[in-house]
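Below, each value reflects all heavy atoms present in this structure, side chains not excepted, and no hydrogens, waters or symmetry copies. Counting starts at 1 for both ligands and their atoms, following the listed order. This one's a predicted model, so the numbers in the text were calculated from it and none came from an experiment.
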Amino acid sequence: MRLIVQKYGGTSVGTAERIRKVAERLLETQRDDCRVVAVISAMAGVTDNLLKLAREVAPRPDEREMDLLLATGEQGASALVAMAVNALGGRAISLDGAQAGILTDRVHTKAKIANISPKQIQELLSDDYIVVVAGFQGQTPEGETTTLGRGGSDLTAIALAGAIGADACQIYTDVDGVYSCDPRVVGEAMKMEEIAYDELLELAGSGAKVMQSRAVEFAKKFGVAFEVRSSFNRNRGTLAKEETTNMEDVVIRGVSIERHQAKVTLDDVPDRPGAASRIFSAISSANILVDVIVQSASDRNTTDISFTIHEADLARAEELLAAIVEEIGATRLISHGGVAKLSVVGIGMRSHSGVAARLFDCLGQGKINIELISTSEIKITVVIAEKDADRAAQLTHKAFGLESYPRAG
Ligand code: ADP
Ligand code: ASP
Ligand code: MG
């Protein structure tokens with residue numbers, strides 16, 4: 001008997017009708033001679049609504065309470081799925097993260113999974129239950145509820161698939177798979193048959209929200225292959241797995257955009273050891289995530305240091321940095337929101353030259369100004385005005401001929 005983990009995202013369980021469809025699919029999979037674990041997200045919009053409510057009652061909600069609140073979204077949806085399966089004559093039981101044996105660290109709202117004890121799940125599976133697990137949550141060693149960061153049900157599914165040694169892990173969502181760009185932004189985006197973990201990791205880490213990047217990181221680390229596919233049809237999806245040699249034939253696999261970014265620059269920072277450390281330790285003390293970091297070449301013993309953060313963190317970062325500009329001897333702090341990051345990703349970049357030139361040329365022709373550039377082995381990121389983001393993604397997609405590239409596999 002095969003053991004399958006199926007994760008259903010918010011839209012896939014967004015209405016009573018859709019929940020019934022999910023229940024039918026779970027039963028169908030079970031009838032196909034499989035043991036089934038379902039991981040369920042909160043119904044579409046529920047997490048956002050809970051967050052909004054929390055901010056209405058408290059300007060800076062307590063993170064412990066936030067986790068208790070947010071975890072209810074997934075718990076409700078998984079109980080509904082289990083009820084729907086049972087109403088169709090099946091045998092299902094729902095478990096919250098703690099009951100499913102998901103142990104995390106103590107970092108509320110973005111906890112990491114430390115360990116999974118799948119004993120209860122395994123017992124229920126051998127009693128022929130469809131086990132429905134509430135995604136996105138776990139508990140600390142002290143029994144406190146934690147959540148795994150936005151999109152965290154993906155992580156629950158991948159981690160559970162790894163822990164119970166599942167034969168397949170399927171991520172059901174509202175698109176047919178992983179596309180060369182968000183199909184809502186680029187209409188002609190191409191669905192991929194397969195993608196290397198590293199590529200999906202870079203895409204997910206730079207704004208392609210089809211998978212939570214921490215989930216992909218986990219999958220790569222523990223070698224959990226998974227398929228992203230639609231819960232609305234039977235089409236084959238995209239298989240995420242270890243890279244194969246033919247994947248290098250494709251120069252660029254995908255384009256992603258990340259909006260709501262802010263750019264911060266410290267001008268004329270004295271070029272001496274410790275300056276960067278002072279800046280970034282101030283920022284990290286407030287748990288602010290920094291992304292693209294660019295330091296200009298030293299000119300008359302000073303450099304300019306720029307970096308990006310999420311726009312929501314800008315006010316706090318400005319406050320922290322204002323206090324140290326003088327101390328480190330910089331001349332001024334310049335910052336603004338309204339920027340976006342555009343990234344092109346592909347392991348083929350390692351063996352093909354001219355990718356950066358082609359990207360800059362296409363943006364230049366589109367009169368899109370580049371504010372910062374950063375590169376990794378398989379990714380080039382540019383920071384641009386947010387208002388240009390969609391157009392830049394469309395132009396880039398076209399410039400790299402993504403629609404017409406041969407599909408891997
Ligand atoms: P779920 O609720 O199922 O977890 P998400 O909304 O988190 O679904 O992720 C699916 C969405 O990701 C799609 O509706 C799509 O708009 C968006 N998306 C962004 N980039 C991509 C991409 N490269 N390929 C596919 N979908 C993408
Ligand atoms: N409900 C959570 C979110 O909206 C987790 C998830 O859907 O994966 O982020
Ligand atoms: Mg998601």
| query | Looking only at distance, does D154 have an N or O less than 3.5 Å from an N or O of ligand 1? | reply | no
| said: Strictly distance-based, threshold 3.5 Å: is any side-chain N or O of K21 a donor or acceptor partner for the main-chain N or O of S231? | reply: no
| Would C181 count as a contact of ligand 1 if the rule is a heavy atom under 4.0 Å away? | yes
| field | Shell of residues surrounding ligand 2, defined by a 4.0 angstrom heavy-atom cut-off that is strict | value | S41, A42, T47, E74, F136, R150, G151, G152, S153
| query | So does E28 pair up with R31, basic N to acidic O under 4.0 Å? | reply | no
| request: Please identify which atoms of ligand 1 are closer than 4.0 Å to at least one heavy atom of K7. | output: 4 (O)
| Proximal atoms of ligand 1 relative to G177 (non-hydrogen, under 4.0 Å) | 24 (N), 25 (C)
| field | Closest to atom 13 (C) of ligand 1 (judged by heavy-atom distance), picking from D174, V185, I195 | value | D174
| field | For V178, the ligand 1 atoms whose distance to one of its heavy atoms is below 4.0 Å | value | 24 (N)
| Counting N and O atoms only, with roles assigned by atom type, does the side chain of R91 sit under 3.5 Å from a partner on the main chain of D127, one being a donor and the other an acceptor? | yes
| field | Nearest-neighbour protein heavy atom for atom 2 (O) of ligand 1, which is reported as residue plus atom name and distance | value | G10 N, 3.1 Å
| Polar contact flag, side-chain donor to acceptor under 3.5 angstrom, S78-S94 | no
| request: Mark the output for G151 as yes if a heavy-atom distance to ligand 1 is under 4.0 Å, and as no if none is. | output: no
| said: Heavy-atom pairs closer than 4.0 Å: do any link ligand 1 to the side chain of V210, the backbone, both, or neither? | reply: both
| Residue from S343, S256, S376 passing side-chain contact (heavy atoms from CB on, under 4.5 Å) with E202 | S376
| Got the closest protein heavy atom to atom 7 (O) of ligand 1, with its distance? | K209 O, 3.4 Å
| said: Can you tell me which portion of A44 lies within the under-4.0 Å heavy-atom range of ligand 1? Options are side chain, backbone, both, or neither. | reply: neither
| query | Only one of L50, L148, T146, V46 forms a side-chain contact (heavy atoms from CB on, under 4.5 Å) with L70, so which one is it? | reply | L50
| field | For R20, all residues meeting side-chain contact (heavy atoms from CB on, under 4.5 Å), sequence neighbours excluded | value | A16, E17
| request: Report yes or no: does S153 have a heavy atom closer than 4.0 Å to ligand 1? | output: no
| field | Salt-bridge contact R259-E386 (side-chain N to carboxylate O under 4.0 Å) | value | no
| Can you name the residues that form a side-chain contact (heavy atoms from CB on, under 4.5 Å) with L239, not counting sequence neighbours? | E194, E227, K241
| field | Pairwise salt bridge (Lys or Arg N to Asp or Glu O under 4.0 Å) hits with a residue in residues 99-120, at least two apart | value | R106-E142, K119-E123
| Protein heavy atom at shortest distance from atom 1 (P) of ligand 1 | T173 OG1, 3.6 Å
| query | Hey, mind stepping through D388 and R391 against salt bridge (charged side-chain N to carboxylate O under 4.0 Å, His left out) and telling me if it holds? | reply | CA-CA 6 Å; D388 293 332; R391 196 165 58 87; 3.8 Å; yes
| Does the pair K379/D198 count as a salt bridge with the N-to-O cut at 4.0 Å? | no
| query | Which atoms of ligand 1 are found less than 4.0 Å from any heavy atom of R184? | reply | 13 (C), 14 (O), 15 (C), 16 (O)
